[in-house]
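Inspection log for the structure reproduced underneath, given as structure tokens.
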Amino acid sequence: MKFVTLSATLTALLCSTSPVLAQSPGDDGSAQARARETVAAMRPEEKTVLTHGIMALPLGPGMVMPEDAVPGAGYIPGIARLGIAPLKETDASLGVSYAAGLRKDNSTALPSGLSMASSWNPQLIEEGGRMIGSEARAKGFNVMLAGGVNLMRDPRNGRNFEYLGEDPLLAGTLVGHAIRGVQSNNIISTIKHIALNGQETGRHFVDVQISEANARESDLLAFQIGIEIGQPGSVMCAYNRVLGEQACASDWLLNKVLKQDWGFKGFVMSDWGAVPDLNAAMKGLDQQSGEQLDTEVFFGDKLAAAAARDPAWAKRLDDMNTRILTAYYAAGLDKNPVAPGGRIDFEANAKVAQEVAAQGIVLLRNERDALPLAKTARNILVVGGLATTGVMSGAGSSQVIGEGGPAASIPLGGTGPFASFANIAYHRSSPFAAMEKMAPEAKLRFRTGRSVSEAAAAAKTADVVIVFANQWSGEGFDQADLALPEGQDALIAAVAAANPNTIVVLQTGGPVLMPWLESTAAVVQAWYPGIRGGEAIASVLFGETNPSGHLPITFPASEADLPRPVLDGFDRLEPDFIGRKPAGAAPLTANYDIEGSDLGYRWNARQGHKALFPFGFGLSYSRFETSQLKMKGLSATFTVKNSGKVKGATVAQLYMTANPAGPQQRLAGFKRVELEPGASQTVTVSIDPRIVAEYVGNGWEIAPGSYSFALGENAEQLGTPVKAVLPARKIKP
Ligand code: GLC
């Protein structure tokens, strides 16, 4: 019987004092001291070199790229006299971004954030981070704008695909490990976008209203856990407003929460075009990014002039430089200079991407054991989703495209300034070709799905039909609703009516409704599965991979169940990649106190809603049982058993179900466990005390009394609760 202790890292960190930046390998822990020495040696004119930079893309006339810049997200000049290299920044969480194809190079595309989160596997996500960070380094970048962790508050948010779901413990833990992976390459990673960046509609001016406690217990807790585990050198602030202030000029978010309460020693960089004025520096912003997209360069001469005339500004300017250089030295940028042309093992990296995709695939339905397909399956019809061409990917700054460009790129058209960015891109990884390779004896046919009647007719003569249904998603746009677009619901319904042995493979950027669900044999959620997505999908369909993914988000049964049935502003604002406030537009407010910190499954539990598919849901080709839950304070021990016939992995989930005030559901711990058939394992989970606490204004408080915990197959299928009596406890903010 093997004992496995979870979150030892988290527990150790929780006992630490305010988190200082993790020292890079070989750093003697004095990054901040070194930074102070360097700042002391700076000349006045050097003090506004690191505090602002350009978007490193030759966008528009007069945009001159510095000769040593690498086409990517950003470039901050260095200070050669002091041995400080330029900061060369690339996006993002899913790999080295495409940058409009300007580098004409190859990058390995990880699957989407929701795919990564569906693995519930921190070690795997760290491996993915390590891989993409190594490619960033090899291309000459020393800053990776990774660590996207905004919680899914609205299932229609266009950037949900990039992020890690709706729960702060799961998302915070995974993003922390992703950041550790990226920074293991001696480059700086961000965590982004602080905070409450919950929609793309009106993203530059939507004003989020939320109580401190609700923010601390949800979105901010994800950032806090991610920073404790990952120790990112930089935090990127968001476009939106919070309590009336631009997030990049929010004294509360940046100075009070991040720097004072959490003790963050690195630097805050703005999002690109997110700086409202010079005074943002006094509110905690340390670096202006993508300055061409702002109304002016605030953090250059204007900042220097303020520092020259006012000692408070001079002190703040020194602090800005100290923070940037603390991150620089902590990550080891000085001792490990980057240069383009580094060697990349794309085959090995693609295997990492494929493993992440395989572990991120969620089996949602499997009637009559329709899956896995026998390799002797004779007559397989594949329909739709451009399944012979490639796999879908999400759009925007996180877009990664491999060598030779996308397998297909479908322009959406439009007239806005960034309409050219709105392309539906497919990765060069064909599920159809991968299935043919997996089952050489089978006869595979393909129908595009453009004609419903043609696909239904072809379905009649097939042994099994696999319909690929895709929902494109991208930065700058929100989904209009949760329906599959482009008539795919009707296509699936017609095909399933023609052949009940119909399997649906979804490639979506978030949850979707499934009016055809009961007429299908199986449903597989593959998300945007990355550069080897076709192979990962085929591997699950034919049973080479036993699916182990579990949903990191709730699939609502209806939009009427949502805290905001209509996404704020969607019914009156034009979709616009930049999302700037149109002249004369009324202010836009998002009231997140409706759900507060009860996102997704917690909202459903509070409201008594049942999900279409709940958070944590995922089937396997095997069967697992969890049992013997014992609670000892904030430590839980239980047994996981594989009672099926094949090796597989599951995700054991521990939920708090009640506190002394009454019912309150929260994920309290989790562990992905891989077991041979018949084997079992005892797991120990240490619960982060903040999960069971309430935020009470100057910190967290655990009220004394009885708490209930239960093991869960998912957020709605819970075992018998076990009580634990906890003493009163205060925890620092
Ligand atoms: C974008 C995104 C941010 C990205 C940055 C640089 O608009 O919001 O995530 O890192 O600009 O491309």
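Counting starts at 1 for both ligands and their atoms, following the listed order. It should be emphasised that the depicted structure is a prediction, and the values quoted were computed from it without experimental measurement. All residue numbers in this chain count up from 1 along the given sequence.
- Look at Glu89 and you'll find every heavy atom at least 4.0 Å from all atoms of ligand 1.
- Residue-level proximity to ligand 1 for Glu162 is absent, since no heavy atom of it falls below 4.0 angstrom.
- Considering CG of Leu94 and OG of Ser115, their distance stands at 9.5 Å, rounded to 0.5 Å.
- In Arg203, the part holding a heavy atom less than 4.0 Å from any atom of ligand 1 is the side chain.
- Closest heavy-atom approach to atom 6 (C) of ligand 1 within the set Asp91, Leu293, Asp271, Asn197: this belongs to Asp91.
- For ligand 1, the polar-atom distance check against Trp272 finds no nitrogen or oxygen pair separated by under 3.5 Å.
- The proximity of Met236 to ligand 1, defined as any non-hydrogen pair under 4.0 Å, is limited to the side chain.
- Not less than 6.0 angstrom separates the ring centroid of Trp472 from the ring centroid of Phe161.
- Classified by interplanar angle (parallel below 30°, tilted 30° to 60°, perpendicular above 60°), the ring pair Trp120/Phe615 is tilted.
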Going by atom type alone, with no hydrogens or angles, which donor-acceptor pairs under 3.5 Å involve a side-chain atom of residues 583-592 and a protein atom two or more places apart or on another chain?
| unit_1 | atom_1 | unit_2 | atom_2 | d |
| --- | --- | --- | --- | --- |
| Asn591 | OD1 | Asp593 | N | 2.9 |

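- Within the 4.0 Å heavy-atom cutoff, Met55 does not count among the residues contacting ligand 1.
- Although no hydrogens or angles enter the test, the distance criterion places no donor-acceptor pair under 3.5 Å between the side chain of Glu475 and the main chain of Gly158.
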